[in-house]
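Structure first, commentary second.
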Amino acid sequence: MKGAGPAMNVTLKHLQAFVAVAREGSFTRAARRLALSQPALTIQINQFEEELGVRLFDRTTRRVMLTDNGTEFLPTAERLLDDFESAIADVREVAQRRRGRVSVATLPSIALKAMPDILAAFRDTYPGISVHLHDANASGVQRRVSRKEVDFGLASMWEPDADLAFEAVMRDPFGLVCRADHPLAEATGPVRWRELAGHTFLGLGHDTGIRPLVQSVDGLPDNLRQPEVEVSNIATLEGMLVAGLGISVLPRLAMPDHHPNDLIFRPLVEPELARDICLITRQGRSLSPAAESMRDMVIARLGGSGAP
DNA sequence: GTTATCGCTGGGATGGCAGT
DNA sequence: ACTGCCATCCCAGCGATAAC
C-alpha cells in the first residue's frame, strides 16, 4: 500500500507532534516534551505534512514558525486532542465506578422493603452513579430485562427464558395473612395449609407470579384452588384484608407492613413454600461496571437474609 | 524508534576604519 | 585618544539526514 496515493494514515502521534511543535516553537524542545528524539519528531512532522499535502511549519536552522495553513489547523488539532483525551478520561471514570448509570427493575415489594437500604448504601459508596428503579410485576421485570430497558431485574421467575440468566439471591417464604381479629390469628407461629380450608380466601390473579406458586402446593384446599374473590394487585388485596373480607397467602416481602396492628403473618408449613427472588440478567451479556457494582451490593445485602 | 553526524545560521567577539 | 560603525570570524544550537 505504499507509494502514490494515500500510503499512510494520519495517527494520533502526528497530531500530538504537530501540537507540541506549535506550542514549543522548537523541534528539540517539543521532542523532549514528548520523550522522543528530535529526528523522530522531524520524521513525524514530515510524514504529517506529506499526508496532508500542506506545509505546516516554515523552519530555518534558527527558527520554527507556523505557516498560514498550520495556524489555521492548530485550533482544530488541539480540539481533536482534547476530545480524545477527555473521551479516554470518561471511559476510565466509568470503569472506576466514579460515574455511570444503572437501572434496575424489581417487584414492588422488593422496591419497597429492600431497595431503600440498598440504594442508601450504594449512594454512599458510589456517589457519582445514578440509579433508576422501575417497579413491575414478575412478567414485567422479565420483559424489561429482555428488552434491555434495564441492566438487570430482581424478581421471582415468571417463566423460563433461554435468553435470560436467573440467579437466586434470596428465598421469600409464603405465609398466611389475615386481620388480627380473625380466628386464624389466635395462634401464633407456623400454620398448616389445610387449616386454611373453609375460610373466605382472597386470591391474586393469574398475571402475578404468586398465583401459580400457590396453585402448585400439594393438597391445596379447594377454597384456595378456586378463590371466591380474585384481585390483580396487592394494594387492592391489602384493602380487602384490612376490611376483614377474608384471608390470603403472600410471600413475606409482599406482606403489607404499614398496618402493623391490623394484619398478621404466619408462615405456612406442610409443605413450606417460598419463592426464589432471582437476579435476572441477559444471558451471556456482561454488565456495565456501574451495574456490576449494584449487582454486588444487592447480593451482599439480600444474600443470606432469607436463605434457609 | 535510536545515535552519529551533517550543513546552516544567529549572534557574540573581534578588529579595522573613519570621524571627532 | 576616543567613539561609533561595520565587516568578519567563530561556534553553539538548530533541523535534516544517514545508518543502524
Side-chain angles (χ1 to χ4, degrees), chain A residues 1-104 122-132 148 150-152 163 165 281-297 299-300:
Chain A
M1 296 297 163
K2 291 242 175 200
M8 178 199 49
N9 294 321
V10 173
T11 68
L12 196 60
K13 284 176 189 279
H14 292 125
L15 275 177
Q16 284 170 330
F18 169 58
V19 170
V21 172
R23 285 180 178 163
E24 294 290 339
S26 151
F27 278 62
T28 304
R29 284 200 301 276
R32 249 199 307 272
R33 221 158 71 89
L34 294 171
L36 208 65
S37 65
Q38 171 261 315
L41 182 57
T42 295
I43 289 167
Q44 293 284 359
I45 296 294
N46 284 342
Q47 286 176 343
F48 197 21
E49 287 176 332
E50 196 174 328
E51 189 67 24
L52 297 175
V54 151
R55 193 141 178 94
L56 295 170
F57 297 105
D58 282 327
R59 37 240 201 242
T60 68
T61 57
R62 306 305 302 174
R63 225 210 294 282
V64 174
M65 283 180 63
L66 279 166
T67 60
D68 287 350
N69 284 322
T71 305
E72 194 181 334
F73 181 48
L74 181 59
T76 306
E78 286 178 321
R79 188 175 49 74
L80 282 170
L81 273 186
D82 281 353
D83 285 355
F84 179 80
E85 277 158 20
S86 70
I88 295 300
D90 281 355
V91 173
R92 290 217 173 103
E93 287 205 336
V94 169
Q96 290 163 7
R97 276 94 158 143
R98 284 206 297 267
R99 276 189 330 100
R101 174 202 150 97
V102 54
S103 54
V104 182
F122 191 81
R123 286 195 68 83
D124 279 352
T125 312
Y126 306 103
I129 299 179
S130 64
V131 180
H132 298 252
K148 303 177 184 175
V150 295
D151 292 298
F152 63 84
D163 293 334
T281 52
R282 290 184 291 281
Q283 189 73 258
R285 302 297 296 268
S286 57
L287 292 174
S288 72
E292 208 166 88
S293 304
M294 174 57 91
R295 190 194 88 116
D296 290 348
M297 187 149 292
I299 291 174

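A quick note: this is a predicted structure, and the numbers were derived from the prediction, not measured. In what follows, chains carry the letters A, B, and so on, assigned in the order in which the sequence lines appear, proteins first and then strands, with residues in each chain numbered from 1.
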Decide yes or no on side chain to side chain contact (heavy atoms under 4.5 Å, CB included) for A:R79 and A:T76, but give the supporting numbers first.
-> CA-CA 5 Å; A:R79 188 175 49 74; A:T76 306; 4.0 Å; yes
Under the side chain to side chain contact (heavy atoms under 4.5 Å, CB included) criterion, do A:V104 and A:V150 qualify, and how do the steps go?
-> CA-CA 5 Å; A:V104 182; A:V150 295; 5.8 Å; no
Walk me through it: do A:F57 and A:T67 pass the test side chain to side chain contact (heavy atoms under 4.5 Å, CB included)?
-> CA-CA 5 Å; A:F57 297 105; A:T67 60; 5.5 Å; no
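For A:D58 and C:dC14, the CG to C1' distance is 16 Å, given to the nearest whole Å. Put simply, CE on A:M65 is 16 Å from C1' on C:dC14, counting in whole angstrom units. Between A:E24 atom CD and C:dG15 atom C1' there is a gap of 16 Å when expressed in whole angstrom units. The distance from atom CZ of A:R55 to atom C1' of C:dA16 is 11 Å, rounded to the nearest whole Å.
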Where does DNA chain B pair, written as one dot-bracket string 5' to 3', with Watson-Crick or G-U pairs under 3.5 Å, ( ) inside the strand, [ ] for crossing pairs and | for another strand?
-> ||||||||||||||||||||
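Of the residues in residues 35-46 of chain A, those placing a heavy atom less than 4.0 Å from an atom of DNA chain C are A:Q38, A:P39, A:T42, in numerical order.
Nucleotides of DNA chain B that come within less than 4.0 Å of any heavy atom of chain A span, from the 5' end to the 3' end, B:dG1 to B:dG10.
No donor-acceptor pair under 3.5 Å is formed between the side chain of A:N69 and the backbone N or O of A:L56.
Ring planes of A:F48 and A:F18: perpendicular class, angle over 60° (limits at 30 and 60°).
Among the candidates A:V19, A:L12, A:L15, the single residue satisfying the side chain to side chain contact (heavy atoms under 4.5 Å, CB included) test with A:L80 is A:L15.
Closest of all the heavy-atom pairs between A:A17 and A:L34 is CA-CD1, 4.0 Å. Taking both residues in full, the closest heavy atoms of A:V102 and A:M294 are given as CG2-CB, 4.0 Å, listed atom of the first, atom of the second, then distance.
Around atom CG of A:D124, more than 12 heavy atoms belonging to other residues, nucleotides or ligands sit under 6.0 Å away.
Side chains of A:S293 and A:R97: a donor on one and an acceptor on the other come within 3.5 Å.
No side-chain heavy atom of A:H14 sits under 4.5 Å from any side-chain heavy atom of A:E51.
Taking 4.0 angstrom as the limit, A:R59 places a side-chain polar atom (N or O) nearer than this to OP1 or OP2 of C:dA16.
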